[in-house]
Amino acid sequence: MHGVGGSNPLAPTNEKKGVTLSLPFFVKPFRVHTRRGNMKEQIQTLLEQAIAILKEQGLLPADTAPAIQVDRTKDKTHGDLATNLALVGAKAARKNPRQLATEIIDHLPASPLVLKVEIAGPGFINFYLNPDWLAGQVENALADPRLAIPLVAHPQSVVVDYSSPNLAKEMHVGHLRSTIIGDAVSRTLEFLGHKVIRHNHVGDWGTQFGMLLAHMEEKRRDGVEISMQLADLESFYREAKGRFDASIEFADRARQLVVELQSGDAYCNQLWREFLEISLTHCQQIYDRLNVALTRKDVIGESAYNDDLPKVIEDLTTAGLLTENQGARCVFLDEFKGKDDELLPMIVQKKDGGYLYATTDLAAIRFRLRTLHADRVLYFVDHRQSLHFQQLFAVARKAGFAGADTRLEHMAFGTVMGDDGKPFKTRSGGVAKLAELLDEAEARAYALVREKNPEMADDELRNIGRVVGIASVKYADLSKHRTSDYVFSFDQMLSFEGNTAPYLLYAYTRVASIFRRGDIREDQLRGKVILEEEIEKDLAGKLVQFGEVVHRVAEKGWPHLLCGYLYELSGVFSSFYQSCPVLICENDEIRQSRLKLSLLTARTLQQGLSLLGIETLERM
RNA sequence: GCGCGAUUAGCUCAGCUGGAUAGAGCGCUGCCCUCCGGAGGCAGAGGUCACAAGUUCGAAUCUUGUAUCGCGCGCCA
């Protein structure tokens with residue numbers, strides 16, 4: 001377990017920036033492999049070819065290598081895509097930007113993507129996409145269950161460490177972000193063909209378990225049925241804590257049990273396992289409700305590394321990193337300094353010989369890299385632990401657990417706040433249990449849906465309420481930028497307006513209803529996609545961007561990009577639906593084409609939401 | 001004290017590798033129901049992008065400094 005709470009790491013960011021900056025001007029390696037469907041990269045290729053020709057002809061100095069950047073335009077009057085290439089390269093070419101732009105355009109190879117190219121403003125080159133090409137992309141996507149999003153060329157093994165609750169207590173609101181965001185990113189990586197290894201690094205070890213075991217023992221001695229008691233872990237924990245604080249004998253027994261547990265005592269282990277079993281069942285119920293893909297086999301808790309801890313110390317010693325300080329064993333690194341330039345220690349072994357979470361985390365990295373051979377390890381842990389992860393990654397590299405090409409990334413996230421701007425609490429001021437939070441979301445969603453559909457059967461209302469409630473909680477979290485804090489608001493997340501789950505789910509049901517009402521099956525669609533109306537082109541253009549967004553989510557660990565995209569897509573579809581009749585369109589060719597656009601919209605929404613771990617509904 | 005992160009419309013938030021006139025939703029003001037789900041769409045008002053320098057043809061975005069807020073900093077996790 002990594003505690004609860006989230007901010008962003010220096011380490012991974014710096015590593016990446018370092019790579020980019022050290023490159024000369026131009027050749028920017030594609031982090032994601034070149035794909036046929038990616039418009040930007042195709043335009044980039046065209047530009048590269050034009051530059052090459054200009055160099056051959058002596059119109060450009062051979063050593064110029066401007067970075068080729070292709071952006072989507074914000075304004076329709078600037079075409080669909082634009083490059084600032086001529087602006088960037090003008091100085092090196094000793095030409096004015098507009099002149100260079102003209103030369104580039106003159107040497108641009110013909111391409112089916114491009115309808116026309118124009119110079120604009122100080123020297124921007126604007127590209128207008130060919131509607132026929134766009135239409136073809138829509139057809140391709142429809143013909144492919146993966147929506148024409150290719151798998152990555154070089155799949156990686158990615159360990160994703162997420163959720164990681166403390167098993168001593170019940171899951172609460174603090175576990176929401178790690179669980180939900182980590183799951184969405186895992187699904188996205190998997191969809192792109194990476195090998196994802198989910199690790200639920202649960203807190204199942206440590207001094208607090210002595211207290212819990214002592215309490216179990218006492219209860220059992222009094223003839224109380226333990227499993228019933230543990231149905232409410234939170235109260236059980238509080239009781240145990242109360243006993244611990246109140247009774248010296250109890251506290252002594254608790255400490256004794258920790259020692260016995262750690263030395264492998266059979267009785268203690270039995271108690272411990274019983275406790276874990278119940279706590280894990282609690283967690284699994286939450287995961288199932290949340291549609292989070294974690295299962296019991298993904299649980300590799302802190303205790304799993306017990307045997308490795310002495311080996312970590314050994315390895316650190318061998319690497320010459322270990323220093324003894326005031327009886328504790330520490331690693332000091334030059335790059336971590338506290339006040340008065342004093343080095344900041346990372347303590348890996350206490351003076352009493354006990355190990356700490358830093359040690360366990362090192363052992364986990366060691367295992368993930370040496371045994372699992374991960375190319376990338378992602379930690380979805382709150383931003384307050386950012387220093388810990390910086391130290392952890394630095395030490396892991398120095399100790400040789402991780403090579404230079406292994407990506408270790410702290411996917412930090414912010415705090416969930418209440419209306420008052422302080423960390424989210426229940427009305428009574430306590431920690432909000434996740435289960436109760438979900439209950440409330442479902443209940444509120446049910447009430448809303450029932451209000452809109454008074455005649456609907458209750459079991460369907462219940463199901464819709466469940467899906468909408470859970471989706472709302474998840475989507476509210478996923479749609480915010482990961483690193484910032486956000487305010488938890490049932491009213492906002494359950495609203496049908498704005499960037500919310502209900503809005504997206506509604507957009508999906510509208511498409512579903514077209515097909516239901518028209519009694520049309522997907523395989524009955526025929527004819528070609530025809531893009532005539534401006535809004536049809538907009539919709540097609542938006543649909544074609546899906547793959548790009550998905551790749552970016554996997555790269556940055558930012559599901560909010562996908563949320564933003566799906567929201568925009570829904571918006572464009574709503575406009576389209578408003579102004580372009582589909583079922584009632586009299587021209588059959590156009591009708592078929594619009595049905596295809598609608599179908600791809602639905603598929604894209606469904607696939608996108610599925611990557612976020614959110615179910616769709618046919619009716620709501 | 002040092003480090004990390006933040007500061008964008010009244011509120012909640014986007015803003016991708018520096019690009020063209022700063023983007024949504026809520027709220028506010030209008031408009032669109034003989035029309036496939038109005039749980040919708042269209043339009044308007046509203047911003048000195050905390051402040052100040054700097055780099056650049058060009059800065060909300062990069063650099064430095066300042067202010068304010070949050071978080072973290074030796075044997076908890």
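Just so we're on the same page: letters track the sequence lines, and every chain starts at 1.
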Presence of donor-acceptor pair under 3.5 Å, side chain of [X] and base of [N]:
{"X": "S513(A)", "N": "rG37(B)", "result": "yes"}
{"X": "N126(A)", "N": "rA20(B)", "result": "yes"}
{"X": "Y357(A)", "N": "rA77(B)", "result": "yes"}

Which part of the nucleic acid does N499(A) contact within heavy-atom distance under 4.0 Å: base, sugar-phosphate only, or nothing? nothing

When all nucleic acid strands are considered with a 4.0 Å heavy-atom cut-off, which category describes A82(A): base, sugar-phosphate, or nothing? base

Using a 5.5 Å cut-off between ring centres and planes within 30 degrees, is [X] stacked on the base of [N]?
{"X": "H78(A)", "N": "rA20(B)", "value": "yes"}
{"X": "F124(A)", "N": "rA20(B)", "value": "yes"}
{"X": "Y486(A)", "N": "rC13(B)", "value": "no"}

Indicate whether any N or O donor in one side chain lies under 3.5 Å from an N or O acceptor in the other, for [X] and [Y].
{"X": "Y475(A)", "Y": "N499(A)", "answer": "yes"}
{"X": "Y128(A)", "Y": "E118(A)", "answer": "yes"}
{"X": "N453(A)", "Y": "E460(A)", "answer": "no"}

Between [M] and [N] - [atom1] atom distance, rounded Å:
{"N": "rA50(B)", "M": "rA59(B)", "atom1": "P", "value": "15 Å"}
{"N": "rA45(B)", "M": "rA24(B)", "atom1": "C1'", "value": "16 Å"}
{"N": "rA60(B)", "M": "rC51(B)", "atom1": "P", "value": "11 Å"}
{"N": "rG23(B)", "M": "rG27(B)", "atom1": "P", "value": "23 Å"}

Can a donor-acceptor pair be found, under 3.5 Å and without considering hydrogens, that links the side chain of T500(A) to the backbone of F496(A)?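 No; zero donor-acceptor contacts below 3.5 Å.
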
